[in-house]
J.: 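Below you will find the structure I want to go over with you.
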Amino acid sequence: MKRRDWWVIGSYVVVGVFLLWVLVPIVTVALNSLKSPQDIFSSTPQLVFTPTGDNYGKVLGELSFQTFLVNSTIVALGSTLLSIVVGVPAAYALARLPVRGREWWAWLILFTRMVPAVALVVPMFVIFQRLQLLGTYTALVAAHTTFNLPIVIWMMRSFFEELPRDLEEAAQVDGTGRFGAFLRVALPLTSPGLAATGVLCLLFSWNEFLFALVLSGRETQTVPIGVASFIGTVSVDWGGSSAAAVLAMIPVFVLGLAAQRFLVRGLTFGAVKG
């Protein structure tokens with residue numbers, strides 16, 4: 001066998017091991033969500049069992065898990081839209097405008113993403129409490145925007161920098177101003193990158209736990225809080241938590257499948273130049 005053949009075989013082995021590493025926990029959670037407590041706590045793994053829908057009935061009935069799904073959708077969409085509306089023009093300014101010290105500004109924005117969330121949650125709690133916003137959607141959207149905004153600025157800045165300046169200059173020669181060139185030329189051409197950035201922001205906001213735990217109220221708790229509610233001080237409801245985790249994963253899988261084309265185009269944007 002040639003060296004290239006060994007390289008291909010090794011690549012498939014690595015990908016296969018990675019898929020097993022990722023899929024085994026997901027399949028385990030999905031199976032546990034359909035098992036009774038006796039099957040979950042059996043001494044040997046039960047691959048053949050009688051499925052039951054009691055766990056899903058408990059999650060959707062007693063816990064009203066659909067409320068957590070609605071809350072997460074509101075917070076994730078609100079945070080993503082706010083981050084894009086504020087971050088995309090900022091990214092374009094850092095990529096195109098002659099801003100003095102723009103590299104320093106870019107690194108300062110990135111530094112805000114590196115700050116641990118636990119260092120920000122207490123000041124945010126005090127601020128929102130004094131503004132009487134604690135436990136509202138506004139507090140959660142604002143908190144999630146703090147870690148989504150740097151992602152939007154840094155990703156979109158790189159996408160704008162990959163665009164040839166000649167396209168925007170040609171539009172300005174035809175009578176379009178700087179803002180018009182941004183809206184009519186730069187933004188449409190970077191739409192795959194914008195879609196990929198939006199999906200990443202949605203995922204980060206959907207999975208965020210700490211801010212949701214501290215800043216949310218009884219009526220605004222998100223999906224991670226709903227899943228964690230099955231963990232008690234003495235025991236864990238593995239069936240209920242597994243069913244809740246499956247329900248939490250379904251919207252993410254649907255979003256990933258729907259945006260797969262945009263994700264591939266966005267994440268490889270500018271990688272190959274003609």
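Note that the numbering runs from 1 along the sequence shown for the chain. If you're wondering where the values come from, they're calculated on a predicted model, not measured in any experiment.
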J.: Any chance CZ of Arg184 has more than 12 other-residue heavy atoms, nucleotides or ligands included, within less than 6.0 Å?
T.: no

J.: Check for a donor-acceptor pair, side chain of Arg113 on one end and backbone N or O of Pro150 on the other, with a separation under 3.5 Å.
T.: no

J.: How far does CD1 of Ile74 sit from OG1 of Thr222, to the nearest 0.5 angstrom?
T.: 11.5 Å

J.: Looking at Phe68, does the NZ or CZ of Arg218 lie under 6.0 angstrom from its six-membered ring centre and within 45 degrees of the ring axis?
T.: no

J.: Taking all heavy atoms of Ile26 and all of Phe253, pick out the closest pair and write down the distance.
T.: CD1-CZ, 4.2 Å

J.: With clusters defined by side-chain heavy atoms of hydrophobic residues (ILVMFWY) lying less than 4.5 Å apart, directly or transitively, does Tyr137 cluster with Leu81?
T.: no

J.: List the steps, then state whether side chain to side chain contact (heavy atoms under 4.5 Å, CB included) holds for Ile84 with Thr197.
T.: CA-CA 9 Å; Ile84 289 176; Thr197 304; 5.6 Å; no

J.: Do Ser191 side-chain atoms and Pro188 backbone N/O form a donor-acceptor pair below 3.5 Å?
T.: yes

J.: Can you check whether Ser11 reaches Val8 side chain to side chain, under 4.5 Å on heavy atoms?
T.: no

J.: Do the side chains of Val173 and Leu163 join up, straight or via other hydrophobic residues, at under 4.5 Å, putting them in one cluster?
T.: no

J.: Testing the basics here: between Ser83 and Val152, what is the closest heavy-atom pair and its distance to 0.1 Å?
T.: O-CG1, 3.7 Å

J.: Show your working on salt bridge (charged side-chain N to carboxylate O under 4.0 Å, His left out) between Glu103 and Arg157 and close with a plain yes or no.
T.: CA-CA 11 Å; Glu103 290 296 329; Arg157 178 177 179 243; 2.5 Å; yes

J.: Are any non-hydrogen side-chain atoms of Leu203 and Val252 less than 4.5 angstrom apart?
T.: yes

J.: With a 4.5 Å limit on heavy-atom distance, are the side chains of Ser36 and Asp54 in contact?
T.: no

J.: Would the distance check show the side chain of Ser241 and the main-chain N or O of Val227 forming a donor-acceptor pair, the cut-off being under 3.5 Å?
T.: no

J.: Do Leu97 and Arg178 have side chains that approach each other closer than 4.5 Å (heavy atoms only, starting at C-beta)?
T.: yes

J.: Without swapping roles, check the side chain of Asn32 against the backbone of Ser242 for a donor-acceptor pair under 3.5 Å.
T.: no

J.: Once rounded to the nearest 0.5 Å, what's the spacing between atom CG of Leu210 and atom CD1 of Ile225?
T.: 9.0 Å

J.: Hey, what do you get for CG (Leu94) to CD (Glu161), rounding to the nearest 0.5 Å?
T.: 8.5 Å

J.: Distance-only, no hydrogens or angles: does the Ser72 side chain make a donor-acceptor pair with backbone N or O of Leu69 under 3.5 Å?
T.: no

J.: Out of curiosity, Leu82 CG to Cys201 SG, how far, rounded to the nearest 0.5 Å?
T.: 10.5 Å

J.: Starting from the C-alpha separation in whole Å, work towards a yes-or-no answer on side chain to side chain contact (heavy atoms under 4.5 Å, CB included) for Val214 and Met124.
T.: CA-CA 9 Å; Val214 177; Met124 285 189 180; over 6 Å; no

J.: What closest approach, in Å, do Phe182 and Phe160 show between heavy atoms, and which atom pair accounts for it?
T.: CE1-CZ, 3.8 Å

J.: Can you check whether Phe41 reaches Trp238 side chain to side chain, under 4.5 Å on heavy atoms?
T.: yes

J.: To the nearest 0.5 Å, what is the distance between CG (Leu247) and CZ (Phe65)?
T.: 6.0 Å

J.: Counting neighbours of CH2 on Trp154 that are heavy atoms of other residues, nucleotides or ligands and sit closer than 6.0 Å, is the number greater than 12?
T.: yes

J.: For side chain to side chain contact (heavy atoms under 4.5 Å, CB included), just list the numbers for Thr112 and Phe147, CA-CA rounded to whole Å, side-chain angles, deciding distance to a tenth of an Å, and then say yes or no.
T.: CA-CA 8 Å; Thr112 61; Phe147 59 79; over 6 Å; no

J.: If I compare all heavy atoms of Pro224 with all of Glu208, which pair ends up nearest, and what's the gap?
T.: CG-O, 3.3 Å

J.: According to a 4.5 Å side-chain heavy-atom criterion applied to Ile, Leu, Val, Met, Phe, Trp and Tyr, with indirect links allowed, do Met156 and Phe111 form part of one hydrophobic cluster?
T.: yes

J.: Is there a continuous path of hydrophobic side-chain contacts, each under 4.5 Å between heavy atoms, that joins Leu257 to Leu19?
T.: no

J.: Any side-chain donor-acceptor pair under 3.5 Å between Asn71 and Thr220?
T.: no

J.: Is a donor on one side and an acceptor on the other found under 3.5 Å between the side chain of Asn148 and the backbone of Ser79?
T.: no

J.: First locate atom OG1 of Thr28, then atom CD1 of Ile40, and finally report the distance between them rounded to the nearest 0.5 Å.
T.: 11.5 Å

J.: Cut-off 3.5 Å, side chains only: do Ser42 and Asp39 have a donor facing an acceptor?
T.: no

J.: Looking only at heavy atoms, what is the nearest atom pair of Ala186 and Tyr92, with distance?
T.: CB-CE1, 3.8 Å

J.: Return the minimal non-hydrogen interatomic distance between Pro251 and Trp206, and the atom names on each side.
T.: CG-CZ2, 3.9 Å

J.: Keeping Thr136 on the side-chain end and Leu133 on the backbone end, is there a donor-acceptor pair under 3.5 Å?
T.: yes

J.: Please lay out, stage by stage, how Leu183 and Phe179 fare under the test side chain to side chain contact (heavy atoms under 4.5 Å, CB included).
T.: CA-CA 6 Å; Leu183 286 180; Phe179 188 69; 3.2 Å; yes

J.: So if you build clusters from Ile, Leu, Val, Met, Phe, Trp, Tyr with side-chain heavy-atom gaps below 4.5 Å, do Val254 and Leu77 land together?
T.: yes

